[in-house]
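Single-structure report; data block below.
These values consider heavy atoms only, across backbone and side chains, with no hydrogens, waters or symmetry-generated copies. Just so you know, residue 1 is the first one in the sequence shown, and it goes up from there.
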Amino acid sequence: MGRVSQAQARDNRRRVVETASRLFREQGTHVSVADLMKASGLTHGGFYKQFTSKEALVDEATAHAFAELARHHKDGLDQYAGQRDAAQRALIDTYLSTEHRDSAADGCPAAALAGDMARDGADGEARRVYTQGVGDFADWLATEDQDGITRLCTMLGALILSRATKGSPLSEKILTTAREALTATN
């Protein structure tokens with residue numbers, strides 16, 4: 001088998017990062033390199049041609065997930081012609097929905113990676129990126145009447161609890177109650 005071109009190598013790396021971002025949000029960062037590469041459609045042996053370690057991939061995949069989240073916020077503002085309140089309301093409605101609850105792989109990295117980041121070393125790059133992403137998300141959620149951290153904690157807590165109780169009536173009630181609480185003054 002011949003060597004891949006630089007363009008193909010970049011495409012392979014991008015594919016691995018995107019796949020890792022989804023799998024880590026869905027299953028946690030403990031996903032094996034072999035399973036990750038298989039899901040990417042690449043061989044296990046190619047991993048170390050692209051990344052120095054799994055931790056380096058976790059760092060990059062975490063950054064990718066939060067970049068997607070930031071793009072989503074910007075797109076929301078653009079869609080609502082800069083009307084931040086309307087964009088926030090739409091985000092809250094989408095965030096606290098059964099669709100988001102059931103789609104962890106495409107969902108919020110702050111909720112999906114919280115447990116992994118809590119167990120990760122405090123000095124890791126992924127933890128730094130995660131912390132910055134959570135802070136940026138909280139800042140985006142702030143209003144004149146509500147603190148962004150409080151709103152984010154309510155959203156994250158509700159999403160995590162609704163995922164943990166999925167299949168029970170409590171799961172939907174958690175989402176509905178949190179959504180109503182966050183949009184009552186908005």
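Proximity of Leu57 to Phe47: side-chain heavy atoms (C-beta onward) are separated by under 4.5 Å at one or more points. Inter-residue side-chain proximity for Gln50 and Glu60 is flagged as unmet; no heavy-atom pair is nearer than 4.5 Å. Side-chain contact between Thr62 and Asp116 is absent, with no heavy-atom pair separated by less than 4.5 Å. Using a 4.5 Å cut-off on side-chain heavy atoms (C-beta onward), Asp35 and Leu23 make no contact. At a threshold of 4.5 Å between non-hydrogen side-chain atoms, the residues Val129 and Asp59 do not count as touching. Counting heavy atoms from C-beta on, the side chains of Leu113 and Phe24 come closer than 4.5 Å. With a 4.5 Å cut-off on side-chain heavy atoms, Met155 and Leu141 count as touching. Considering only heavy atoms from C-beta on, Phe51 stays 4.5 Å or farther from Val33 through its side chain.
Within a 6.0 Å radius of CD1 in Ile149, no more than 12 heavy atoms belonging to other residues, nucleotides or ligands are found. The number of heavy atoms from other shown groups lying within 6.0 Å of CD (Gln6) does not exceed 12.
What you find for Val58 and Ala126 is that their closest heavy atoms are CG1-CB, 3.9 Å. Leu96 and Leu175 make their closest contact through O-CB, 3.7 Å (heavy atoms, listed as atom of the first residue, atom of the second, distance). The shortest heavy-atom contact between His100 and Tyr95 is ND1-O, 2.8 Å. Minimum heavy-atom separation, Thr43 to Met37: O-CE, 3.2 Å. Contact record, Tyr80 with Ala90: OH-CB, 3.3 Å, taken as the closest heavy-atom pair. Across Leu159 and Ala111, no two heavy atoms sit closer than the pair CD2-CB, 3.7 Å.
Salt-bridge check for Asp85 with Arg89: failed, with every basic side-chain N at 4.0 Å or more from each acidic carboxylate O. Under a 4.0 Å N-O distance rule, the pair Arg14/Asp11 qualifies as a salt bridge. Between Glu125 and Arg128 there is a salt bridge, with a side-chain nitrogen of the basic residue lying less than 4.0 Å from a carboxylate oxygen of the acidic one.
A side-chain N or O of Glu68 and one of His64 form a donor-acceptor pair less than 3.5 Å apart. Side-chain polar atoms of Thr131 and Arg127 form no donor-acceptor pair below 3.5 angstrom.
With hydrogens and angles disregarded, a donor-acceptor distance shorter than 3.5 Å links the side chain of Arg25 to the backbone of Gly107. Side-chain atoms of Arg179 never come within 3.5 Å of backbone atoms of Asp93 as a donor-acceptor pair (strictly under, hydrogens ignored).
Geometrically, Arg151 does not engage Trp140 in a cation-pi contact, judged by NZ or CZ lying under 6.0 Å from the ring centre and within 45° of the ring axis.
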